[in-house]
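A short write-up of the structure that comes next.
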Amino acid sequence: MKTWIASHPRSTPRSCACARPPAVDTWAPISIGRMRVRFAPSPTGVLHIGGARTALYNWLLAHRHGGAFVLRIEDTDRERSTPENVEQILDALRWLELDWDEGPLSQAERAPAHTAAIEQLLSAGHAYEDEGAVRLRVPDDGETVIQDLIRGEIATPNQAIQDFVVRRSDGSALYNLAVAVDDRDMGITHVVRGEDHISNTPRQVMILRALGEEPPVYAHLPLLHGPDGKKLSKRHGAASVQELRASGYLPEAVRNYIALLGWGYDESTTFFTTDELIDRFDLSRVSKNPAVFDEQKLRWMNGRYLRGLPVEELKSRLERLTGRELPTEAVEISQDKMQTLADFWPLAGFLVERRDFDDRAWSKVMRDGAAERLRAAREALEQADAFDVETVEQALRGVVERFDAKPKDVFQPVRVAIAGTTVSPGIFESVAALGRQETLARIDSALLKASGG
RNA sequence: GGGGGCGUGGUCUAGCGGUUUAUGACACCGGCCUUUCACGCCGGGGAUCGCGGGUUCGAAUCCCGUCGCCCCUACCA
């Protein structure tokens, strides 16, 4: 019994999909009936951005064409398929907000259907037993042609394909048979998956034909590689959806970024809302060559999304990530300086809790009379009429003038005193956000340290 | 070995036989802004389109060959 199947309720229904006019371009040949696509990961670990992109493209297609997005878990390899792995995948999809209309279905639970199909193949003479296993009869000549929406026609000589096993001697079905039968039974009209499945496709088509069915339409997506040009794997940093979340990326930014990994709308548009993606995504514009995941570009894009968020929204996302309550001003004055949510704490955590002085920052800044200027800054801040950004600025600039110093000779010591480091949001904003009492206390402690205390 | 797929600056891409001295973005370099780091703005370098032939008045765009990378060739998925 697979309890996880039942424990995850159907995702929230969408309202926009059906109102969208179905595009006819790519789908003309088989637009009879409603489009049904599927995402069929095998739960062998975390969901990679490659899998995430496949899921996104399928989801986009279903939304654009008013179709159904079905989630199927290919868990027939009992060794690798654990409930934890399945949960990881569902969790990743939920975070990405890629809701499915049906499923998750367990492929393993469809064993009876697989068995029935094998029986049918056997009795029709399309398959035969061999040492307890069952093999499909593959013609010796001719070729099997598949129509790929991205790559066009792909022909494989039947000669290159041996009579392959569809059922193990223990009675269980193998991958190609399970996929073909499940896609058929689920009424899948378009199979959109990774390029690594191109070579499997003729086998699945043969099984379908032997079963008396016409195959669905296929579209094989280019693979994703790491910066070293090799196939993407765990060693490539934030390559899993979970890691992306933990690193402080926004799901909408991740969606935008991965949509562009293998697809482009025109020569200059980079930012797409999800609705725009639904409107414009088109398999015929998907590229054929593998793409490399570039985290730097994702960081940049994420920063742009971050800056576009209302402060309250950014605040609640930060609170969700850090698990603690954050002052709104701290979020507000940090927004322009963050690229990921994870950047917040090192940048502005000092506004929430006091931290030690960083040695390098201290020795770099607290020299050549810095203590004297810091003491003057303290006086000025203590005597300021108010403590908002403007009055703080007036007070600190006054000190600069009095010492005939460069601005940074005053601001940096204050920064190190209150933040512990040389990096923080704007100094006036930071001081004002910290408040007079805490600012003075921290400067006092810095002055104490400076005098050898 | 056999079969299949792919090949435009470091990266993602635009380009679909002639308005291309090859598009935009990230990264990089320089400048501006300036209180650090960023953000933002401005400017710059960088691909002759894997390579070699062919077709054509003309090719990144069509054809052939070749090389490289990837996938399949499991009683894995």
Side-chain angles (χ1 to χ4, degrees), chain A residues 40-44 74-77 79-81 107 130-135 143 146 148 150-151 154-162 164-176 178-179 194-203 220 222-225 227 229-231 257-258 260-271 285 287-301 303-304 306-307 334-339 343 346-347 361 364-365 393 396-397 400 406-416 419 421-431:
Chain A
S42 64
T44 52
E74 313 226 310
D75 54 354
T76 52
D77 183 336
E79 308 266 309
R80 293 189 281 178
S81 304
Q107 185 162 67
D130 174 31
E131 297 194 29
V134 173
R135 289 179 183 276
E143 54 182 25
I146 65 170
D148 189 291
I150 295 170
R151 290 150 212 283
I154 301 172
T156 307
N158 292 149
Q159 237 176 22
I161 300 175
Q162 309 302 312
F164 58 95
V165 176
V166 293
R167 190 193 75 184
R168 296 185 184 86
S169 43
D170 69 1
S172 59
L174 267 92
Y175 173 71
N176 283 124
V179 168
E195 183 189 39
D196 49 337
H197 288 289
I198 287 183
S199 303
N200 288 322
T201 309
R203 286 171 241 273
H220 288 94
L223 261 21
L224 255 32
H225 288 179
K230 291 180 180 167
K231 235 175 101 179
Y257 176 74
I258 64 180
L260 259 20
L261 240 33
W263 173 81
Y265 177 65
D266 59 18
E267 64 179 46
S268 60
T269 312
T270 303
F271 290 92
R285 288 193 64 83
S287 51
K288 303 181 177 75
N289 49 309
V292 174
F293 170 56
D294 177 10
E295 191 173 352
Q296 292 209 81
K297 189 163 183 176
L298 207 211
R299 281 187 66 83
W300 164 80
M301 181 169 276
R304 296 282 299 251
L306 228 43
R307 265 162 256 132
S334 304
Q335 189 164 20
D336 281 354
K337 295 170 184 285
M338 291 187 276
Q339 290 206 299
D343 288 345
L347 180 72
K364 184 180 174 191
V365 170
E393 175 163 6
L396 292 179
R397 288 204 188 280
V400 171
K406 289 180 187 165
K408 69 174 179 183
D409 291 333
V410 172
F411 301 159
Q412 284 298 73
V414 172
R415 194 187 307 278
V416 170
T421 72
T422 55
V423 178
S424 82
I427 190 64
F428 315 127
E429 289 81 358
S430 295
V431 167

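Given the structure is predicted, the values throughout are model-derived calculations rather than measurements. Convention: sequence-line order gives letters A, B, ...; per-chain numbering from 1.
Residue A:Asp343 contributes atom CG, which lies 13 Å from atom C1' of B:C39 at whole-angstrom precision. B:C76 atom C1' lies 12 Å from atom CD of A:Gln107, rounded to whole Å. Per the geometry, CG belonging to A:Asp266 stands 9 Å off P belonging to B:G15, to the nearest Å. As rounded to whole Å, 12 Å separates atom P of B:G40 from atom CD of A:Gln335. What separates CG of A:Leu306 from C1' of B:G40 is a distance of 16 Å, to the nearest Å. Atoms CZ (A:Arg307) and P (B:A38) sit 12 Å apart, rounded to a whole Å. The CG-C1' distance, from A:Asp336 to B:A38, rounds to 8 Å in whole Å. Atom CG of A:Asn200 and atom P of B:A77 are 11 Å apart (whole Å).
The two residues A:Leu347 and A:Pro425 have their closest heavy-atom pair at O-CD, 3.6 Å. In plain terms, the two heavy atoms of A:Val165 and A:Ala133 that are nearest each other are CG1-CB, 4.0 Å.
Going from the C1' atom of B:C64 to that of B:C75 covers 42 Å, rounded to whole Å. For B:C71 and B:A77, the C1' atoms lie 14 Å apart once the distance is rounded to whole Å. Taking atom P in both B:G46 and B:G65, the straight-line distance is 36 Å, to the nearest Å. Taking the P atoms as reference points, B:A27 lies 46 Å from B:A74, given to the whole Å. Taking atom C1' in both B:A22 and B:U13, the straight-line distance is 13 Å, to the nearest Å. Look at the C1' atom in both B:U8 and B:C16: the space between them is 14 Å, to the nearest Å. B:C42 and B:G17: their P atoms are spaced 34 Å apart (whole Å). Rounded to a whole angstrom, the distance from the P atom of B:G50 to that of B:A59 is 15 Å.
A search for ring-ring contact (aromatic ring centres under 6.0 Å, His included) contacts involving A:Tyr265 returns nothing, not counting sequence neighbours. Under the rule for a side chain to side chain donor-acceptor pair (under 3.5 Å), A:Ser199 has no partner lying at least two apart in sequence or in another chain. Scanning for side chain to side chain donor-acceptor pair (under 3.5 Å) contacts around A:Arg415 gives A:Gln412, A:Ser424, with sequence neighbours left out. With sequence neighbours left out, the side chain to side chain donor-acceptor pair (under 3.5 Å) criterion links A:Thr201 to A:Arg193, A:His220. A:Arg285 is linked by a side chain to side chain donor-acceptor pair (under 3.5 Å) to nothing, counting only residues two or more places apart in sequence or in another chain. Judged as a side-chain contact (heavy atoms from CB on, under 4.5 Å), and not counting sequence neighbours, the contacts of A:Gln296 are A:Asp294. A:Phe428 is linked by a ring-ring contact (aromatic ring centres under 6.0 Å, His included) to A:Phe411, counting only residues two or more places apart in sequence or in another chain. Evaluation of the side-chain contact (heavy atoms from CB on, under 4.5 Å) rule for A:Gln335 yields A:Arg307, A:Leu309, A:Val311, A:Leu314 as partners, not counting sequence neighbours.
Checking B:A38 for Watson-Crick or G-U wobble geometry (two distances, each under 3.5 Å) identifies no partner in any strand. Of all nucleotides present, only B:C29 satisfies the Watson-Crick or G-U wobble test against B:G43, with each distance under 3.5 Å. Base pairing of B:G1: its partner is B:U73, meeting the Watson-Crick or G-U wobble criterion (both donor-acceptor distances under 3.5 Å). B:U61 is unpaired under the Watson-Crick or G-U wobble criterion, no partner having all donor-acceptor distances under 3.5 Å. When both distances must be under 3.5 Å, the Watson-Crick or G-U wobble mate of B:G68 is B:C6.
Atoms CG and NE2, from A:Leu261 and A:His225 in turn, are 11.5 Å apart once rounded to the nearest 0.5 Å.
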(request) Can you check each nucleotide of nucleotides 16-36 of chain B against protein heavy atoms at under 4.0 Å and return B for base, S for sugar-phosphate only, - for none, in 5' to 3' order? (result) -------BBBBS-------BB
(request) Do nucleotides 59-68 of chain B as a string where each nucleotide becomes B, S or -: B if the base has a protein heavy atom under 4.0 Å, S if just the sugar-phosphate does, - if no protein is that close. (result) ----------
(request) Given side-chain contact (heavy atoms from CB on, under 4.5 Å), test A:Arg151 with A:Glu195 step by step and report yes or no. (result) CA-CA 10 Å; A:Arg151 290 150 212 283; A:Glu195 183 189 39; 3.3 Å; yes
(request) I would like to know whether A:Val179 and A:Gln107 meet side-chain contact (heavy atoms from CB on, under 4.5 Å); could you show each step before the answer? (result) CA-CA 8 Å; A:Val179 168; A:Gln107 185 162 67; 4.3 Å; yes
(request) Test side-chain contact (heavy atoms from CB on, under 4.5 Å) on A:Leu174 and A:Phe164 and set out the steps. (result) CA-CA 10 Å; A:Leu174 267 92; A:Phe164 58 95; over 6 Å; no
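Within the nucleic acid shown, A:Arg135 comes within 4.0 Å of sugar-phosphate atoms alone, with no base atom in reach, counting heavy atoms only. Contact annotation for A:Ser287: backbone-only contact, meaning every heavy-atom pair under 4.0 Å involves sugar-phosphate atoms and none involves a base. No contact: A:Gln162 has no heavy atom under 4.0 Å from any strand.
For A:Thr76, the side-chain atoms get nearest to B:A77 when compared with the rest of B:C39, B:C72, B:A77.
Salt bridge status for A:Arg299 with A:Asp343: present, with a side-chain N to carboxylate O gap under 4.0 Å.
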Anything under 3.5 Å between a protein N or O and an N or O of nucleotides 44-50 of chain B, put it in a table, one pair a line.
none

Hey, what are the protein-to-nucleotides 3-6 of chain B N/O distances that come in under 3.5 Å?
residue	atom	partner	partner atom	Å
B:G3	N2	A:Ser199	OG	3.0
B:G5	O2'	A:Arg151	NH1	2.9
B:G5	O2'	A:Glu195	OE2	2.6

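For A:Gln159, the CD atom sits in a loose shell: 12 or fewer heavy atoms of surrounding residues, nucleotides or ligands are nearer than 6.0 Å.
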